[in-house]
Amino acid sequence: MSAIGHSRVTPLIPGSPRRWLPLLVLLLAVPLLMPIATDTVVAEDTEPPEWGNATRSDDTTIEVTLYDDESIATNTIQADDFTLTAGRVENVSVTSISAAKGNKSGARVSLALESKVDKNNVSISLRNTANITDTAGNELPDETVTATGMDAVVPKYRDFNVTRVNSSTAEITVETHERLDQLRVSIGGASLDTLNISAFTERTGNSAVYTREYTFPEEGEYSLLLMSVTDRHGNNNSFSRQQTFLYDGTGPNVTVTGPRNATVGEPVAFSAAETTDGQGVESIQWQVGDDTILSGENITVAFASPGSHEVAVTATDPFGNTETVTRVVSVTGNGTVGNVTVQQPNATVASVSVNGTGQSQVIQPRVGALTSGPNGTLERLTASFPSNESATLTIRSRQPPPSFATATGHTGISRFALDNGAVPTADVLVRFTVNRDTLAAVDAEPGAVTLFRNSNGWTPLPTEVADRTESHIVYRATSPSLSTFVVGVERVTAADADSETATTNETATSEAAANGTSTSESETTETSTPEPETQTETAGEPDIVVTNATAAPSTLSPGDRTVITVDLENRGTASGDHNVIVALNTSILTTRTVTVPAGETRTTEFARSVPENRTGELTVDGQRVGNVTGDSGGLPIPALPSIGVPNPLSLWPDGIVGTVLGGLLGVAVGLYGVLKALAIYLGY
C-alpha cells in the first residue's frame, strides 16, 4: 500500500480514562461550589457580641462576661480597651464560657486593677480605640456595666485634735479623708469613757471632719486615744493617736499682805505676790472701794475718807479659774489731814463739808460720783484748803449757758457749778467723764474735749484722757482754783486729735509754771490720792517673740512622739496674742494662740506625733527644733500579671478569609467523599 493511504490510528492506552476522571470531576465542581460557599459565609453571622454583667472577684479584680451566638475573638481583648470610673486596668485574662441559656458561647474577662479603688461602685465601658469582635468580625458595642462592693481602701488619717473650751470642757476633732460609719475614742484618767460617732457632728468637704464638745466629769489629767475608724463600706483602720487634757477647776491660792488699819491720805501698800497656782497665775486684779481697778501683784493706795474700806484681789489661772480674797481696812482721820463729808440730796447736787489742812484733800462720796448730768459726770475733785479752816461747797450739774459756744467756739455738753464761798482753794484736780454717745452725736474724737474754767471769761484748762470704758471716756484737768466748769468739745477730725493733745500738754506745762509748780509736782500730788491705774491717749503695742524652743527628743523617726516647749516674751507695752506654728518642712502640724501680757513671758507645750510617712526639719515659727529621719516606708510590691491560656482555634485566620477557607475545606472534604464512593462503585 502506498504511504499516502489512511492515517494510522493509535490505540488507546488501557486504564487512561480511570486516571483522569477524578481530577476532571474535581476541577469542574470547584467553580460551581464557590458561589455557594461565598453566599453561605455572608449570611452566616451578622450579630455583634453582647455584654453580660460585671461582678467583684476580689479587692483588685472585676469579672466581666461577654456573649456571642458563635464565639468571641478573644485575641482582640486588650487591657487598654476598657475604661473605669475608678482605678485603671493593668492587665486582662480571658476564659471561654458557655451561656446559661440559649445557643451562645462567651468569654469571662478578668480585669486586674492597678491598685485598690476608693469607690464602692465601679462602671466599666469601652475606650474609643477599643476593637473587641467575635470570630465573624462583628464589634462589641459601647455599653456600660457596673460592679458593686469594690471599695477596699481604709480611711486615711488627717487629724486628731483636742482644743480647750474652758477648764472642764474640750472640743474633740477627728478628720479623715472620707466619711465614716463608726469611730472610737478612748478616754482614760480620773474617769474612763469611750466615745463613738453617735455624738459627733459631721462636716464634709475635701475631707470628713467630726467634732463634739466633751465635759470631763472630775478634775485630773486625761489621755484621749483615737483607736479606730470604719468607713461606710466596712473598711477598718486603727490609728492610736493620742492627745491629753488637764481638767483644773480650782482657782489660785490667793495670799494678800498689807495693813488692816490706815489713816486718811496715807499711802499704803498691798501685795499678792505670794499667790500660787499649780498651772501658774495668769493675772491679778485689785478693786479698791467701788470703782477703783488696779492690776499687778503690788499696789499702793491712799484712802480719802475714814471708815471701813474693802480691798479685793482676784487672781486668774491660765484655764480661767479665779479666786477672790477681800481685805477690810479700817481708815481713821487725824488732826493733820482732816475730814471730808459729802451729802447728796439727788444725783445733780452735792453738799460738801471740808476741814481744811493746807494739803490736797479728795472730795468724793463713798459710793458713785459727785454729780451727774445728761451728758457727763463729775467723778471727784482734789483741792487744797487753808489749814484749820472749814469750808462748805455746793456742787450742781447744769446745762452749759448759750453764751459759752459763742465765747469759746466749742460745743458745751456739761456744766459743774461750784460755790465754795470765800474760802480760797489751790491745786485743783477735776476728774470727769463724757459719754461716748455724746461725742459721736457731735462728730468728735476723744482728744477734742477740753475743760473750761469761768474766771472773768472762759479759760481752757489742761485736759487729758485718764481712762476709757465701753460707754464713756474718763478725763482729768488741772485748775488753779475751784470755780464753775464747762466741758467743751471742738469738732476736729481724727487726724487733728494728736496735734490738739500736743498743744494741751504745752499749755499744761506753761500754766503749771505760771502757778509756781512743776508738772512733776502736779503728778506727785495726783498719785498720792486713790487714783485708779490709767492709760494714755495712745495705746501701747505688743511685741511678742519666741525666745526659746526645744523638742524632746529632737532626733525622731517617722511616727515618733515628741514634746515641744516654747518660751514667748512680750517686749512691747500692751498685752497681745501670738500664734505659735509647729511645722514639718513646709507642712503645718499644729498651731496654738498664746496671750502674753506686756513685759511678761509665757511657756506653752505641744505633745505631738510626727507623720508616719514624712521626714525633714521640725520647726517652731521657722526655728528648727528637731529632725525627722529614717525610712519612711517600704517599696510597694507590684501586682503579678494574670496570664490566660490562648485558645488554639484563635490561630485560625480571622474574618471573611477564615470563613471562606473553612467553607472550601468543608466542600472539598465532602466532594472527596462522594468521588471516593463513586470510584469504589465503578471498581477503580
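This is a predicted model, so every value here is computed, not measured.
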Paired with Asp118, the side chain to side chain donor-acceptor pair (under 3.5 Å) test is passed by just one of His177, His233, Lys156, namely His177
Centre of Phe606's six-membered ring, under 6.0 Å away, within 45 degrees of the axis: is that where NZ or CZ of Arg592 sits? yes
Using the ring pair (Phe, Tyr, Trp, His ring centres under 6.0 Å) definition, which of the options Phe245, Phe216, Tyr247 pairs with Tyr222? Phe216
Determine whether a donor-acceptor pair (N or O, by modelled atom type, separation under 3.5 Å) exists between the side chain of [X] and the backbone of [Y].
X: Arg164; Y: Asn166; value: yes
X: Asn570; Y: Val596; value: yes
X: Gln243; Y: Phe160; value: yes
X: Trp286; Y: Ile293; value: no

Value rounded to 0.5 Å, distance of [atom1] in [X] from [atom2] in [Y]:
X: Asn548; Y: Thr601; atom1: CG; atom2: OG1; answer: 11.5 Å
X: Thr85; Y: Met150; atom1: OG1; atom2: CE; answer: 10.0 Å
X: Asn435; Y: Leu439; atom1: CG; atom2: CG; answer: 8.5 Å
X: Phe270; Y: Leu294; atom1: CZ; atom2: CG; answer: 11.0 Å
X: Asn236; Y: Asp231; atom1: CG; atom2: CG; answer: 8.0 Å
X: Gln78; Y: Asn91; atom1: CD; atom2: CG; answer: 11.0 Å

Might you confirm whether atom [atom1] of [X] has over 12 heavy atoms from other residues, nucleotides or ligands at distances under 6.0 Å?
X: Gln182; atom1: CD; answer: yes
X: Asn206; atom1: CG; answer: no
X: Glu310; atom1: CD; answer: no

Once salt bridge (charged side-chain N to carboxylate O under 4.0 Å, His left out) is applied, what residue pairs with a partner in residues 198-226 remain, sequence neighbours excluded? Arg179-Glu202, Glu202-Arg232
Less than 4.0 angstrom from a charged side-chain N to a carboxylate O is my criterion; do Glu282 and Arg602 meet it? yes
Where does the angle between the aromatic ring planes of His309 and Phe303 fall among parallel (under 30°), tilted (30 to 60°) and perpendicular (over 60°)? tilted
